[in-house]
2 protein chains.
Amino acid sequence: MSASTKLSTAVKALSCLAKTPDSVQTSAEIADAIGVNASKLRSLLSALAKQGIVKTIKGKDGGFKLNRKCSEIDLQEIYCGVEDRRAFHLDVHTGIPAENNGAQKINFFFNDLFLEIQADIENKMKNITIQTIINKTA
Amino acid sequence: MSASTKLSTAVKALSCLAKTPDSVQTSAEIADAIGVNASKLRSLLSALAKQGIVKTIKGKDGGFKLNRKCSEIDLQEIYCGVEDRRAFHLDVHTGIPAENNGAQKINFFFNDLFLEIQADIENKMKNITIQTIINKTA
DNA sequence: TCCATTTGTTATTGTTACTGTAACAATTTA
DNA sequence: TAAATTGTTACAGTAACAATAACAAATGGA
């Protein structure tokens, strides 16, 4: 699952949970509603649980529910929850002979540039909450 | 080759060519200098040639040289040259049952968001030329 | 206590994508 | 014609990925 797919799938699941703030939904129910595999979804939601975004209840009559208000869950932390790498991580080719430090310096240049781009993206995502998305897609 | 690796590899090759603006270098020479496979490099440079960024001379004593001043080659067009998809393209999961248009609307939301991010990145890259990078890594 | 249910995680399987290299046709100069 | 070089295709090996299945662990109720 690509990073961007994970993010959008997680948002769909959270929006689904937002409809029933007081009761749980099982992974099967959510998966069915948003059209993804239940097993895959469980691993996504379990990551979000570790971030404190959702609450999980195991066992009979268990399932998932939101652990916070929709306005207090932003895209940046969802992304960090479901993806171990940083947002939109980019890599440079580092298989360069050590003595060629021109190429090495270009690697450093791109590392810096990509970090800067990542920061821009993260700032953008911090300002978008689940509530924002629910409002816009209502 | 990932998109970001292509970009940095292309920049390394162009910087290499910038050292000898008046004579050609073969793919083997450049590949050796920057530590990549010559065949892979040729396909990268051939894409840049189609963009008018480098000039190729085929046959005996042939090779590659820059077709423009370093200050007139920016990262955005290098990226477009070596990658068929748009810069840092992001995809959303679209395997959703058609009747569920909540999920569909979230897909649209993310498509818009990702397009916006792409535009930000492209603007950033347009302002960086090979000359900029040579200056910073000299 | 035992059973049904549900999460959390691992394994499996098939498929796709990628990587590095080689090969070779087409082109060009001498 | 011979040598050199690009441009493109092919290929084998590997890695990554997707979709699913399987099952241990946890939980609540009969």
Side-chain angles (χ1 to χ4, degrees), chain A residues 1-6 8-10 13 16-17 20 23-32 34-67 81-85 89 91-97, chain B residues 1-6 8-10 13 16-17 20 23-32 34-67 81-85 89 91-97:
Chain A
M1 220 179 199
S2 77
S4 51
T5 302
K6 275 188 193 173
S8 64
T9 302
C16 195
L17 288 176
T20 61
S23 60
V24 299
Q25 292 182 48
T26 68
S27 61
E29 286 168 345
I30 305 167
D32 194 52
I34 67 178
V36 298
N37 180 271
S39 186
K40 213 58 179 194
L41 180 67
R42 284 204 297 278
S43 75
L44 262 182
L45 289 176
S46 119
L48 293 178
K50 282 169 187 159
Q51 291 273 113
I53 295 171
V54 301
K55 192 173 168 184
T56 76
I57 294 111
K58 290 171 114 178
K60 191 163 165 45
D61 296 328
F64 300 88
K65 62 191 295 188
L66 291 186
N67 198 32
V82 298
E83 191 70 10
D84 42 0
R85 298 185 302 178
H89 174 77
D91 49 65
V92 296
H93 183 247
T94 53
I96 301 294
Chain B
M1 222 180 199
S2 79
S4 52
T5 303
K6 276 188 192 174
S8 64
T9 302
C16 196
L17 287 175
T20 62
S23 61
V24 299
Q25 292 181 48
T26 67
S27 61
E29 286 167 345
I30 305 167
D32 194 53
I34 67 178
V36 298
N37 180 271
S39 186
K40 256 314 193 275
L41 180 67
R42 284 204 297 277
S43 74
L44 260 182
L45 288 176
S46 119
L48 293 178
K50 282 169 187 159
Q51 291 273 114
I53 294 171
V54 301
K55 193 175 169 182
T56 75
I57 294 113
K58 290 170 115 178
K60 191 163 163 50
D61 295 329
F64 300 88
K65 61 191 296 190
L66 291 186
N67 198 32
V82 299
E83 191 71 11
D84 42 359
R85 298 187 303 180
H89 175 77
D91 48 64
V92 295
H93 183 246
T94 54
I96 301 294

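Lettering of chains follows the sequences in order, A, B, ..., and the numbering in each one begins at 1.
Closest to the side chain of B:N37, out of D:dA19, C:dT6, C:dG20, is C:dG20.
The minimum heavy-atom distance between A:L48 and A:V82, with the atom names listed, is CD2-CG1, 3.7 Å. In this structure, A:A28 and A:A38 approach most closely via the heavy-atom pair CA-CB, 4.3 Å. Nearest heavy-atom pair across B:T26 and B:G62 is CG2-O, 3.7 Å.
Other residues, nucleotides and ligands place no more than 12 heavy atoms under 6.0 Å from the NZ atom of A:K55.
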Apply side-chain contact (heavy atoms from CB on, under 4.5 Å) to A:L44 and A:V36, showing your working. CA-CA 11 Å; A:L44 262 182; A:V36 298; over 6 Å; no

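Contact annotation: B:T56 does not reach the phosphate of D:dT6 (side-chain N/O to OP1 or OP2, under 4.0 Å). For the OP1/OP2 pair of D:dT6 and a distance below 4.0 Å, the side-chain nitrogens and oxygens of B:S27 include at least one atom meeting the criterion.
For the pair B:K60 NZ and D:dT5 P, the interatomic distance rounds to 7 Å; values are reported in whole Å. Per the geometry, CD belonging to A:Q25 stands 19 Å off P belonging to C:dT5, to the nearest Å. One interatomic measurement links the two molecules: NZ of A:K58 to C1' of C:dC3, which rounds to 18 Å at whole-angstrom precision. Taking atom CG of A:D32 as the reference point, atom P of D:dT20 lies 13 Å away to the nearest angstrom. Whole-Å rounding puts the A:I57 CD1 to C:dG8 C1' distance at 15 Å. Look at NZ on A:K65: it is 16 Å from C1' on C:dT6, rounded to the nearest Å.
Of the residues in residues 38-55 of chain A, A:S39, A:R42 come within less than 4.0 Å of DNA chain D through at least one heavy atom, sorted by number.
Base contact: B:G59 has a heavy atom under 4.0 Å from a base atom.
No option in A:I53, A:I30, A:T56 other than A:I30 meets the side chain to side chain contact (heavy atoms under 4.5 Å, CB included) test with A:L45.
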